[in-house]
Amino acid sequence: MPGRLIYLMGPSGAGKDSLIDASREPLRRLGCEVVRRVITRSAESMGEDALGVSQAEFERLCEQGGFALHWHANALDYGIPVQINQWLDSGRHVLVNGSREHLPEARKRYPSLLAVLLTVQSEVLRQRLTQRGRESTDEIEARLRRNELFLANGSSGNATAVRRLDNSGELSATVDHFLGLLEQEGINVKPDRT
């Protein structure tokens, strides 16, 4: 049995990286690989465990087929290493930090993916973005507007197939809900590799 791709999405500041970090050990016990994204910005400027590369290096990796998925957002390029295909084929589940706008393309390539949208109340999102200090006030307001539109209109692609997970409260509660959601979706035991 192939593994399942878990495609985590959400606005910048929703807490995707915190959720991934806090869930890492329980996910490992479920036979789930957590993917390290490739991003075109320096590692020093990132809040996530990602590989920072130059634009030229990113383009070279694209040309060589180094990415299973890749997209451009917020003036950066993001790539998911092609290694996920080996993990999935061997029966491992795979968690990726994905893009809401790229979800339709991801669904084409991985029809059985589990799309999870991490949401957060706007006032909490504003506070997190401000504390993080990466964006200007105008950029924060633009992100908040996009978040409100996205929540109001549903998700990209098939809205009914996106599972929502609120992260406005305590992270430990979000982790519990996330693991419960995976269990509901049948991702509750380590896959059999025989």
Side-chain angles (χ1 to χ4, degrees), residues 1-21 23-24 27-28 30-43 45-119 143 146-147 149-150 153-165 167 178 181-182 185-187 191:
M1 281 292 285
R4 191 151 179 210
L5 182 64
I6 305 161
Y7 192 86
L8 181 65
M9 307 166 287
S12 184
K16 296 182 300 293
D17 298 323
S18 297
L19 175 61
I20 290 168
D21 287 343
S23 302
R24 197 174 297 274
L27 290 171
R28 185 191 62 74
L30 294 176
C32 185
E33 299 286 345
V34 177
V35 174
R36 189 172 184 216
R37 294 195 297 185
V38 177
I39 306 177
T40 54
R41 71 174 167 207
S42 70
S45 69
M46 289 189 278
E48 71 173 279
D49 181 22
L51 177 61
V53 298
S54 68
Q55 186 66 46
E57 177 66 7
F58 190 93
E59 290 170 9
R60 185 187 67 76
L61 287 167
C62 275
E63 289 170 7
Q64 294 178 346
F67 297 125
L69 299 167
H70 61 88
W71 62 90
H72 184 83
N74 304 312
L76 300 170
D77 287 302
Y78 297 82
I80 303 297
V82 73
Q83 181 181 15
I84 71 167
N85 293 332
Q86 295 169 341
W87 289 334
L88 291 167
D89 289 345
S90 72
R92 307 278 300 168
H93 305 302
V94 176
L95 172 66
V96 300
N97 183 343
S99 160
R100 294 173 286 182
E101 289 76 20
H102 196 68
L103 177 59
E105 183 62 30
R107 277 195 198 283
K108 286 180 196 171
R109 301 207 54 198
Y110 303 94
S112 69
L113 73 76
L114 170 59
V116 179
L117 175 63
L118 193 63
T119 62
R143 286 183 183 273
R146 275 198 321 267
N147 185 55
L149 284 172
F150 190 83
N153 296 329
S155 64
S156 300
N158 184 349
T160 60
V162 174
R163 303 293 302 267
R164 291 176 184 249
L165 184 64
N167 191 31
F178 180 52
L181 185 155
L182 295 181
E185 291 288 332
I187 304 172

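On a predicted model such as this, the values are computed, not experimentally measured, just so you know. Sequential numbering from 1 along the given sequence is applied to the chain's residues.
When every heavy atom of R107 is checked against every heavy atom of A115, the shortest pair comes out as NH2-CB, 3.7 Å. In terms of heavy atoms, A50 sits closest to I39 at CB-CD1, 3.8 Å. A pairwise comparison of heavy atoms in P81 and V38 identifies CG-CG2, 4.4 Å as the closest pair. The shortest non-hydrogen separation linking L95 to C32 is N-SG, 3.7 Å. Taking all atoms of both residues into account, the shortest heavy-atom contact from L182 to L30 is CD1-CD1, 4.5 Å.
Taking 4.0 Å as the cut-off between side-chain N and carboxylate O, R60 and E57 count as a salt-bridged pair.
Residues N97 and L8 fail the side-chain proximity criterion, which asks for heavy atoms closer than 4.5 Å. Using a 4.5 Å cut-off on side-chain heavy atoms (C-beta onward), V96 and L113 make no contact. Using a 4.5 Å cut-off on side-chain heavy atoms (C-beta onward), D77 and V53 make no contact. Counting heavy atoms from C-beta outward, Y7 and S99 have side chains that approach closer than 4.5 Å.
Interatomic distance, CG of L51 versus OG1 of T40, reported as 11.0 Å (0.5 Å rounding). Rounding to the nearest 0.5 Å places CD1 of I20 at 10.5 Å from CD1 of I6. In this structure, the separation between CD on E33 and CG on L27 is 10.5 Å, given to the nearest 0.5 Å. I80 CD1 to W71 CH2: the interatomic distance, rounded to the nearest 0.5 Å, is 4.0 Å. Taking CD from Q83 and CZ from R36, the interatomic distance works out to 12.0 Å, rounded to the nearest 0.5 Å. Taken to the nearest 0.5 Å, the CD atom of E101 stands 10.0 Å off from the CE atom of M9.
Without hydrogens or angle criteria, N167 side chain to L118 main chain gives no donor-acceptor distance under 3.5 Å. A distance-only check finds a donor-acceptor pair linking the side chain of R4 to the backbone of E185 [under 3.5 Å]. Remark: side-chain polar atoms of H93 are not paired, donor with acceptor, to backbone N or O of G3 under 3.5 angstrom.
Ring planes of F58 and H70: perpendicular class, angle over 60° (limits at 30 and 60°).
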